[in-house]
Amino acid sequence: MDEVERPYDGCGKCLLGVRRLSRVKAATTSPERQREDVLTAAAAVGGHIVDWADDWESPAPPIR
């Protein structure tokens, strides 16, 4: 899926991939799994990821 990650080219389908921790459920989806899911979604719409926004430090508070 390397063709789905490439530099900004102004094509109109340049996307930012987002990965983060979550405490909503006990099992957190691994960063690798999140990456593959985002790349698959980008490819499905004909887009490509130009960069990643990662939020590993601040997991969301639990929903009550």
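Small disclaimer: the values here were computed from a predicted structure and weren't measured.
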Measure the CZ-OG1 distance between Arg35 and Thr40 for me, rounded to the nearest 0.5 Å.
10.0 Å
Sequence neighbours excluded, every pair satisfying salt bridge (charged side-chain N to carboxylate O under 4.0 Å, His left out) that has a member inside residues 39-53:
none
For Asp54, check side chain to side chain donor-acceptor pair (under 3.5 Å) against everything at least two apart and list the hits.
Arg19
For Val18, which fellow cluster members are found when Ile, Leu, Val, Met, Phe, Trp and Tyr are connected by side-chain heavy-atom distances below 4.5 angstrom, either directly or through intermediates?
none
Can you list, by chain and residue number, the hydrophobic cluster partners of Leu16 when the side-chain cut-off is 4.5 Å?
none
What closest approach, in Å, do [X] and [Y] show between heavy atoms, and which atom pair accounts for it?
{"X": "His48", "Y": "Cys14", "result": "NE2-SG, 3.4 Å"}
{"X": "Ala42", "Y": "Val4", "result": "CB-CG1, 3.8 Å"}
{"X": "Lys13", "Y": "Val45", "result": "NZ-O, 3.0 Å"}

Transitively linked via ILVMFWY side-chain contacts under 4.5 Å: Leu15 with Val50?
no
Is it the case that one hydrophobic cluster holds both Ile49 and Tyr8, taking links as side-chain heavy atoms less than 4.5 Å apart, direct or via other members?
no
